[in-house]
Amino acid sequence: MADIAITCAGVWKSYRIYHQRSHTLKEKVLSRRNMFEDFWALKGVDLEVPSGSTMGIIGANGSGKSTLLKTMARILTPNKGWVEVNGTVSPLLELGTGFHPELTGRENVALAGSLLGHTRRDMEKKYDGIVEFAGIENFMDIPVKNYSTGMYTRLAFAVAISVDPEILLIDEVLSVGDESFQMRCHQRIAELRAEGRTIVLVSHSLETIRALCKRAVWIESGVVREAGLSHDVVGAYLGGVHKRMTQPRERESLPENRYGSGEAEITGVQFLDADGDEVPSFCTGQSLTVRVGYRASGPIEDATCGIAVFRADNHTYVFGQSTQGSKIKLNLAEAGTIDMTLPSMPLLKGQYLVTISLERAEVKEIFDLHDREYSFVVLDNPGLPMGGGLIHVPTTWTISGSPVRA
Amino acid sequence: MAITISGPSRPGSPPPVGRATRSLAAIRELAGARELTANLVRRDLKVRHRGTFLGMLWSLTTPLLVVGLYYFVFKLLFKTSPATDVARPDHHAIPFAVYFYAGLTLWNLFASSILTSATSVTSSGYLLNKVYFPRAILPLSTVLSSLVTFGFEVCVLLVLTLAVVGLPSLQLLWVPVIVLIVVALSFGLAMLVSAVNVHLRDLAHFLAVLVQLWFWGTPIIYSMGFVAKRESLLTLLRLNPLTGVVVGFRNVVVLNHAPDIKLLAYDAACAVVALAVGASVFGRFQRTFSEIV
């Protein structure tokens with residue numbers, strides 16, 4: 001496979017906005033020309049999507065996100081410039097593309113499968129999985145027009161997540177359906193990502209983009225405003241400062257939310273899952289490890305490392321712990337890492353910000369402190385009971401009672 | 001496999017591709033999407049008859065009812081047959097109904113292809129906007145579903161011929177050639193009308209009238225001999241690209257005669273022209289389909 005899955009080179013795309021579209025001969029003859037004006041939805045977009053990467057496209061409504069995705073999918077042809085695509089493509093622009101109400105579930109699965117670029121043999125292999133996921137074995141031979149909305153959505157959804165092209169283009173499909181659908185969808189995307197498929201995702205949910213995509217582009221009025229790691233792009237889009245830092249910076253150019261003497265420095269922070277892999281999102285109840293990388297000007301005894309977690313939406317302070325508080329003696333070497341593990345991370349769905357500090361234990365001398373500079377995303381765990389609030393608390397219920405006599 | 005979607009070429013764009021390479025690529029792409037085409041044909045056929053009591057039988061019933069109607073008009077009301085040169089080499093009698101039905105099946109293949117394909121693109125907006133596929137599949141699948149219906153009708157025709165007229169001859173081997181010419185002509189015109197109808201929706205209405213006129217301008221219900229004395233009419237019939245195939249089809253299936261090679265060759269040439277014009281117009285119009293439809 002080529003290194004670059006999708007190349008957009010100077011892509012311009014205009015729509016004609018007709019004030020009055022003349023479709024019939026009479027109108028064409030009577031009005032000497034069509035009243036229309038050109039609206040440029042894309043104005044010279046240059047973009048490369050590396051093979052095997054996940055790329056998010058963000059931007060306000062009408063910024064050209066979907067148009068860009070459609071030119072990648074060959075649904076729209078650019079007016080200027082070109083798009084080159086290396087590999088098989090499946091676009092998921094809506095649920096149930098090509099479903100015909102008169103056809104049965106079984107027939108629609110075959111039809112939709114071939115529209116998404118699958119061979120019949122592929123679809124026969126996937127068929128059982130699709131039916132099982134949709135959970136409507138008994139209804140596969142009746143027309144989908146007789147389905148309930150829920151059944152229809154489940155089937156359409158099952159077909160959508162059964163795709164496994166080299167390049168997957170997704171437009172907001174994730175935002176329909178209930179939480180368990182979305183969870184399943186995120187899992188499927190994670191699987192495809194692990195298999196090295198290329199994924200381009202348009203979403204209004206910055207959380208989704210940040211959780212699922214390594215890279216992102218921000219489109220504004222048809223031009224690329226920012227492209228790079230999704231964390232940075234989403235941050236830039238929000239005008240925020242929640243940047244991920246992996247390299248130590250010059251002390252002079254520190255942003256406001258970082259301070260300290262610099263005797264020891266935080267050089268990087270990673271969020272790891274149970275396998276020790278760095279992932280952008282976690283499910284409630286999964287293992288989460290915060291790994292802090294540091295370097296020090298020399299060995300430092302009696303240091304302490306503090307980690308505090310805030311909710312990103314309202315900056316509620318959720319919890320904070322330190323090595324000192326946990327009665328752990330921390331001796332810093334010249335460079336190393338410190339891990340804090342939550343074996344069963346109780347936080348509920350949302351985005352969280354993390355503050356990290358390195359300090360001298362007894363005298364409150366701060367070496368380095370990064371205030372709410374790092375973030376991770378928590379997704380619902382379908383295996384846990386539903387609940388509200390900030391955290392999941394394991395509970396048992398006991399019900400008792402006797403009939404009341406009148 | 002690299003696919004390049006390009007607008008007008010500009011500096012730094014991939015090298016422009018020649019017309020021949022482009023058409024070849026288009027044909028290869030169409031061939032690559034044959035499973036989708038098959039599925040769309042299947043959908044067309046199923047949807048057309050789903051919910052009706054007779055189902056697929058309707059595609060046979062309708063032409064038979066038409067035959068009954070014209071039989072009533074010509075044989076019972078006018079008491080004259082418009083088909084004069086109906087002799088077989090083995091002197092079996094040929095009922096007017098069978099003679100007419102033979103021509104009608106081939107005509108239906110052409111007429112229903114053209115009429116249903118006119119709206120094939122405009123009625124598929126929900127697909128055009130959501131997924132890419134070679135757009136020519138839309139007119140192609142309507143032509144192919146007409147071809148499937150035609151297949152059933154021909155089976156009935158063969159049974160009728162065997163039962164009422166007599167054994168067919170080796171001339172039957174011409175049938176695939178004739179059908180191929182009609183399919184090519186239909187597909188060419190189908191691409192043309194489906195693309196034009198996107199911009200000019202009057203066309204679908206106009207076609208309904210035109211096809212009616214065309215029916216009477218083709219020797220389906222009458223024979224060539226019927227107009228033999230009217231030289232100008234005969235010339236008009238010879239210019240009609242359906243004359244050769246309809247007369248030829250009837251000759252080889254029912255009458256056991258050889259087809260008129262000259263007329264067939266003319267029809268084949270017309271089919272090639274129709275394919276070229278249709279593909280060129282369709283190719284030019286298709287890039288804006290998803291925006292307008």
Side-chain angles (χ1 to χ4, degrees), chain A residues 2 7 9-16 18 21-28 70-94 96-104 107-108 110-121 123 143 171, chain B residues 1-16 29 32-52 122 124 126-135 137 196-206 286-293:
Chain A
T7 312
V11 172
W12 288 71
K13 178 71 202 169
S14 76
Y15 292 108
R16 288 201 162 164
Y18 288 91
R21 180 98 182 86
S22 56
H23 274 304
T24 66
L25 196 57
K26 188 184 89 184
E27 289 167 15
K28 274 213 161 69
K70 283 185 175 180
T71 53
M72 290 178 180
R74 309 180 68 191
I75 294 167
L76 296 173
T77 317
N79 298 71
K80 272 189 263 177
W82 48 271
V83 176
E84 189 174 286
V85 178
N86 285 303
T88 58
V89 180
S90 284
L92 293 181
L93 305 189
E94 67 173 1
T97 301
F99 272 29
H100 196 289
E102 293 283 350
L103 296 183
T104 67
E107 291 161 351
N108 269 315
L111 181 60
S114 60
L115 274 169
L116 292 173
H118 291 301
T119 62
R120 179 141 35 128
R121 198 171 299 166
M123 283 320 278
D171 189 359
Chain B
M1 175 189 60
I3 298 160
T4 306
I5 310 118
S6 79
S9 63
R10 46 162 240 148
S13 70
E29 203 188 7
R34 57 188 177 278
E35 284 198 9
L36 176 58
T37 314
N39 272 328
L40 286 176
V41 169
R42 222 167 284 146
R43 179 197 69 175
D44 275 359
L45 293 172
K46 280 174 183 159
V47 169
R48 193 178 307 163
H49 300 297
R50 187 145 289 175
T52 59
T122 44
S124 300
Y126 68 105
L127 286 183
L128 294 170
N129 257 317
K130 297 298 174 191
V131 66
Y132 176 79
F133 52 89
R135 302 322 196 188
I137 279 186
V196 171
N197 193 54
V198 170
H199 292 275
L200 199 66
R201 312 254 165 140
D202 299 75
L203 186 68
H205 300 279
F206 173 66
Q286 65 178 348
R287 49 174 59 217
T288 53
F289 280 172
S290 61
E291 291 155 46
I292 296 174
V293 170

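Sequence lines set the chain letters: A, B, ... in the order given, protein chains first and strands last, and positions in each chain run from 1.
In this structure, A/Ser114 contributes its side chain and B/Glu35 its backbone to no donor-acceptor pair below 3.5 Å.
Between B/Val47 and A/Leu103 the shortest side-chain heavy-atom distance falls below 4.5 Å. Between B/Leu40 and A/Leu111, some side-chain heavy-atom pair lies under the 4.5 Å cut-off. Under the 4.5 Å side-chain criterion, counting only non-hydrogen atoms from C-beta, A/Lys13 is in contact with B/Glu291.
For the atom pair CZ (B/Arg48) and CD (A/Glu102), the distance works out to 13.5 Å, reported to the nearest 0.5 Å. Atom CG in A/Asn108 sits 9.5 Å away from atom CZ in B/Arg43 (nearest 0.5 Å). Interatomic distance, OG1 of A/Thr77 versus OH of B/Tyr132, reported as 8.5 Å (0.5 Å rounding).
Only the backbone of B/Leu128 comes within contact range of chain A, with heavy atoms under 4.5 Å apart. No part of A/Thr7 comes within reach of chain B, as not one of its non-hydrogen atoms sits under 4.5 angstrom from that chain.
Between B/Lys130 and A/Pro91, the shortest heavy-atom contact is O-CG, 3.9 Å.
Chosen from A/Val11, A/Thr97, A/Leu115, the residue pairing most often with chain B at heavy-atom distances under 4.5 Å is A/Leu115. Contact tally against chain A (heavy-atom pairs below 4.5 Å) for B/Thr288, B/Ile137, B/Asn39, B/Leu127: the top residue is B/Asn39.
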